[in-house]
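Atoms within a ligand are numbered from 1 in the order they appear, just like the ligands themselves.
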Amino acid sequence: MTFHYITRIIQKQREFFAGGATRDISFRKKQLILLEKAILKNERAIMDALHEDLRKPEFESYAAEIGILYPEIRTAVKNIFSWARTRKVSTPVLHFLSSSYVYQEPYGVALIIGPWNYPFQLTIAPLIAAMAAGNCAVLKPSELSPATSHVIARIISENFDPSYIAVFEGGVEETKTLLQEKFDYIFFTGGTAVGKIIMNAAAQNLTPVTLELGGKSPTIVHRDAHLEYAAKRIAWGKFFNAGQTCLAPDYLLVHQEVKNKFIEIFKKTITTFYGEDPSKSRDYARIINDRHFARVCALMKGGNIIHGGGTDPVERYIAPTVIDNVSLEDAIMKEEIFGPLMPVLAYDDIAQPLSIINSMPRPLALYLFTKSRKIEKHVLERAHFGGGCINDTVSHVGSTTLPFGGIGDSGMGRYHGKAGFDTFSHQRSILKRSNLVDMKLRYPPYGNRVKLLQKLFKFIG
Ligand code: NAD
């Protein structure tokens with residue numbers, strides 16, 4: 001991938017965009033339906049690639065990488081017309097004899113950079129939003145999941161003209177080359193450190209960005225929680241994709257009164273899910289590469305392992321592991337785990353988890369297990385985080401009606417459903433003035449009209 005080649009493709013996309021084809025709503029719908037058909041046709045190839053990259057179980061591949069995209073496409077196809085409609089809004093009395101409109105303008109050429117953990121979904125879902133809003137797009141899937149990256153490149157090149165949608169494969173160097181180009185929008189999903197590099201590069205061209213980043217998402221189990229359900233829902237969210245989920249429950253804060261009971265149920269749940277030896281389970285994924293395997297293994301050093309702990313470097317297998325007696329000073333509490341380790345901390349008073357959560361960078365998600373409306377309100381009002389669930393984990397990401405995104409270190413901007421359309425659209429405001437009369441008031445020479453102006457501004461709404 002040479003700089004010259006990239007520049008040529010982007011130039012072609014600019015020309016295609018300027019030609020106006022993407023402004024046509026029926027064109028957008030047709031292209032989205034084409035994308036849906038292409039995904040449907042390639043489901044087997046996508047699942048095979050995900051298995052090759054992550055040994056992802058078929059169920060998880062279908063649920064979180066493929067199936068989740070269909071409602072996104074269908075919601076967009078069903079609603080683009082109304083989302084894209086120019087809205088007439090009211091006009092303040094100051095501008096009487098005028099009318100006001102908000103147009104939904106596509107930005108132009110968008111760059112979408114994807115991560116390796118859900119390498120298909122997290123590259124294609126932003127593309128759906130970009131297409132719905134009428135943009136051209138350049139995709140850069142993650143080089144750490146090469147099989148999926150190749151499948152994305154093949155599906156897109158077989159179905160779309162590169163002057164509308166193009167894929168550039170490659171790693172850090174290729175991404176840096178891409179970032180030298182001026183895009184109209186950059187949508188990045190990945191880690192916080194790289195997010196800063198992306199934002200810095202975007203700043204050179206004043207390109208707007210969405211950053212979907214990660215973080216340590218806390219999970220609180222209060223003393224009145226339904227412990228059986230909590231154990232299942234937390235174990236599912238944590239060990240799905242072997243913990244390599246941006247919004248996985250990162251660590252547990254359990255009320256002291258129910259801690260021992262909860263841990264017993266949690267351990268039993270893990271065994272029910274993955275058997276006595278999870279390395280033999282077909283439903284349990286592997287760690288993406290040796291570097292991440294070594295990084296996650298090193299995090300096991302603090303605290304006491306009370307469940308799991310087994311590893312196999314050849315397969316990059318790490319067992320679902322529960323670690324008790326963890327301190328906030330341990331390495332595991334200092335970085336996003338992004339692996340199947342669950343540290344457990346206890347609390348007596350709800351103020352303690354809140355103070356821990358708010359002392360750390362703002363996480364992508366928070367999960368709270370309680371039956372108390374009062375506790376729910378208390379936590380939601382005081383903790384700062386991107387989004388989350390009450391009495392569940394991770395599920396909010398799968399809704400087309402909930403805007404998904406982080407805050408602070410976990411990112412900026414949001415997508416899914418209409419929120420994705422809005423992200424990839426510039427809201428252009430137009431005031432249309434009547435030619436019936438032309439008020440002299442605003443034109444020089446102003447004379448002593450300032451007094452009139454003072455009176456006017458005191459009364460208008
Ligand atoms: P990453 O930040 O290492 O890489 C993401 C992308 O950036 C890749 O395409 C990669 O090629 C590119 N990249 C890496 N280094 C770069 C550099 N120096 N300059 C330019 N581009 C560079 O992220 P990852 O390891 O693929 O994914 C894991 C992280 O992503 C975790 O922190 C996770 O929480 C986060 N994540 C967030 C979401 C979300 O929706 N908020 C989803 C998935 C993952």
- [ ] Kindly write out the residues that satisfy ring-ring contact (aromatic ring centres under 6.0 Å, His included) with H226, not counting sequence neighbours, or none if the list is empty.
- [x]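 Applying ring-ring contact (aromatic ring centres under 6.0 Å, His included) to H226 gives Y229.
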Task: Test ring-ring contact (aromatic ring centres under 6.0 Å, His included) applied to H292 - qualifying residues, sequence neighbours left out - done: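 Checked H292 against ring-ring contact (aromatic ring centres under 6.0 Å, His included); matches are W116.
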Open item on the list: Considering only residues two or more places apart or on different chains, which pairs with a residue in residues 209-219 satisfy side chain to side chain donor-acceptor pair (under 3.5 Å)?
Closed with: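 Sorted result for residues 209-219: Y185-T210, K216-D250.
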Every pair of nitrogen or oxygen atoms between ligand 1 and the protein that is under 3.5 angstrom apart - can you list them with their distances to 0.1 Å?
from: ligand 1; atom 1: 2 (O); to: G191; atom 2: N; distance (Å): 2.8
from: ligand 1; atom 1: 9 (O); to: G114; atom 2: O; distance (Å): 2.8
from: ligand 1; atom 1: 9 (O); to: K140; atom 2: NZ; distance (Å): 3.0
from: ligand 1; atom 1: 11 (O); to: K140; atom 2: NZ; distance (Å): 2.8
from: ligand 1; atom 1: 11 (O); to: E143; atom 2: OE1; distance (Å): 2.6
from: ligand 1; atom 1: 11 (O); to: E143; atom 2: OE2; distance (Å): 3.4
from: ligand 1; atom 1: 23 (O); to: G191; atom 2: N; distance (Å): 3.3
from: ligand 1; atom 1: 25 (O); to: W116; atom 2: NE1; distance (Å): 2.7
from: ligand 1; atom 1: 26 (O); to: W116; atom 2: N; distance (Å): 3.3
from: ligand 1; atom 1: 26 (O); to: W116; atom 2: NE1; distance (Å): 3.2
from: ligand 1; atom 1: 30 (O); to: G190; atom 2: O; distance (Å): 3.1
from: ligand 1; atom 1: 30 (O); to: G191; atom 2: N; distance (Å): 3.3
from: ligand 1; atom 1: 32 (O); to: E336; atom 2: OE1; distance (Å): 2.7
from: ligand 1; atom 1: 34 (O); to: E336; atom 2: OE1; distance (Å): 3.3
from: ligand 1; atom 1: 34 (O); to: E336; atom 2: OE2; distance (Å): 2.5
from: ligand 1; atom 1: 41 (N); to: E212; atom 2: O; distance (Å): 3.4
from: ligand 1; atom 1: 41 (N); to: L213; atom 2: N; distance (Å): 3.3
from: ligand 1; atom 1: 41 (N); to: L213; atom 2: O; distance (Å): 2.7

- [ ] Tell me whether the centres of the aromatic rings in H255 and Y347 are closer together than 6.0 Å.
- [x]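 When the ring centroids of H255 and Y347 are compared, they turn out to be within the sub-6.0 Å range.
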Open item on the list: Parallel, tilted or perpendicular, judged at 30° and 60°: which one describes the rings of Y164 and F16?
Closed with: tilted
Open item on the list: Is there a side chain to side chain contact (heavy atoms under 4.5 Å, CB included) between V109 and E181? Walk through the geometry before answering.
Closed with: CA-CA 11 Å; V109 178; E181 292 288 337; over 6 Å; no
